[in-house]
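Worth saying up front: this structure is predicted, and the values here are computed from it rather than measured.
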2 protein chains.
Amino acid sequence: MRNSSSARSPHQAQDHIVAERKRREKISQQFIALSALIPGLKKIDKASVLGDTIQHIKQLQEQVKLLEEQSKRINAESVVYVDKSKSEDVSDTSSNNVSLPEIEARVLENKVLIRIHCEKQEGVLMNILREIDNLDLTVINSSTLHFGASKLDITIIAEMDDEFKLSVKELARKLRVGLLQLM
Amino acid sequence: MRNSSSARSPHQAQDHIVAERKRREKISQQFIALSALIPGLKKIDKASVLGDTIQHIKQLQEQVKLLEEQSKRINAESVVYVDKSKSEDVSDTSSNNVSLPEIEARVLENKVLIRIHCEKQEGVLMNILREIDNLDLTVINSSTLHFGASKLDITIIAEMDDEFKLSVKELARKLRVGLLQLM
DNA sequence: AGGTACACGTGATGC
DNA sequence: TGCATCACGTGTACC
């Protein structure tokens with residue numbers, strides 16, 4: 001109604017205007033602030049800001065969910081737990097009980113550390129050493145520890161010739177190939 | 001000006017009104033959609049929605065950043081390559097400096113294998129053994145190999161008392177806590 | 001009552 | 001010329 005229920009004294013009307021101005025200003029500022037948080041925002045009209053914000057939030061939430069799942073996986077119980085949560089998934093649901101050997105290789109300058117965690121078996125060490133020899137590595141030190149009744153934990157420190165350096169990946173792969181065929 | 005520069009024919013004026021209505025409706029809908037994405041939102045006025053959205057986005061972005069860093073750490077930090085045919089990417093672009101010790105624990109029946117790969121340092125072995133003693137473990141065998149000039153690779157086989165069994169996770173965690181405070 | 005919040009119609013501006 | 005977007009003042013409703 002033009003002027004029935006809403007009677008307002010002049011100062012009230014002015015207050016109203018000012019208040020509304022302030023409200024708009026606040027919202028406007030937040031739109032600006034929000035825009036700054038949305039990457040790759042080209043149009044800055046309200047609808048676009050809101051739309052892109054919605055998309056961005058969805059994307060972020062999805063990403064967080066994924067990363068957290070991954071994080072859970074890592075911290076989940078496995079037979080092997082490596083500190084720094086840097087772990088290899090060893091939990092093998094589909095695997096057969098005849099556990100395959102685990103082979104790990106590290107390279108430091110021209111030295112290489114090779115570690116094999118495997119089933120106790122006749123002649124394993126010899127085969128490993130032969131394999132290492134094939135790779136032109138010189139053994140500097142080695143240790144063979146018996147773990148329980150059935151497992152062996154072998155660690156070897158070796159030296160690489162300068163003219164024949166390998167990446168850790170290649171190394172582990174070659175060792176695996178060499179070892180698997182005799183198990 | 002009341003009616004100088006802005007002359008509008010009746011249907012134009014009506015179009016204007018309708019268009020504006022549509023625009024407002026769109027924005028309004030997006031506010032609703034946005035509200036649904038913000039957890040723990042109590043007030044639903046525009047200012048609050050925008051404010052909480054801003055906060056939520058910041059929080060999400062922070063979280064993503066953290067998780068991604070952690071993820072990088074996990075996938076990159078080490079030069080370790082474990083077999084199981086699952087290739088680890090070893091490429092380390094953002095590698096960090098002072099490598100923390102890597103602690104690994106395995107449990108087999110009442111035996112436990114503990115392996116620590118860390119910087120060469122005075123008294124490391126003693127501290128480890130003390131820590132192991134604190135955990136009521138009995139050392140059966142151990143090996144300390146020097147890897148290059150700066151690294152140590154220590155492997156220990158120990159026995160757990162039946163009445164004090166630990167999970168590998170607890171074990172590694174306790175060892176880490178015990179070790180980190182002296183590095 | 002006094003404060004807060006909203007939707008509306010309207011004039012202005014920029015492509 | 002139109003079309004889209006905005007800020008404004010205003011009426012209204014809720015507590």
For residues 122-152 of chain B, pull every pair meeting ring-ring contact (aromatic ring centres under 6.0 Å, His included), keeping only residues two or more places apart or in separate chains.
B/His117-B/Phe147
Counterpart residues, side-chain hydrogen bond (donor to acceptor under 3.5 Å, both in side chains), relative to [X] (two or more places apart):
X	answer
B/Ser142	none
A/Glu20	A/Arg23
B/Glu159	B/Asn110

Return the value, rounded to whole Å, for the distance between atom CG of A/Asp15 and atom P of D/dG9.
13 Å
Find the distance A/Gln14:CD to C/dG3:C1' and express it as a whole number of Å.
17 Å
Please name all residues satisfying salt bridge (charged side-chain N to carboxylate O under 4.0 Å, His left out) with A/Arg21, sequence neighbours left out, ordered by chain then number.
none
Interface residues of residues 17-30 of chain B with DNA chain D (non-hydrogen, below 4.0 angstrom):
B/Glu20, B/Arg23
What parts of residues 35-57 of chain A reach DNA chain D, counting only heavy atoms under 4.0 Å away?
A/Asp45, A/Lys46
Before accepting this row, confirm whether a basic side-chain N of the pair A/Arg115/B/Asp153 lies closer than 4.0 Å to the acidic partner's carboxylate O.
no
Do the side chain of A/His16 and the base of D/dG11 come within less than 3.5 angstrom through a donor-acceptor pair of N or O atoms?
yes
Sort and list the pairs that fulfil side chain to side chain donor-acceptor pair (under 3.5 Å) and have at least one residue in residues 26-35 of chain B, not counting sequence neighbours.
B/Glu25-B/Gln29
Which residues satisfy the side-chain contact (heavy atoms from CB on, under 4.5 Å) test with B/Asp45, sequence neighbours excluded?
B/Lys43, B/Ala47, B/Ser48
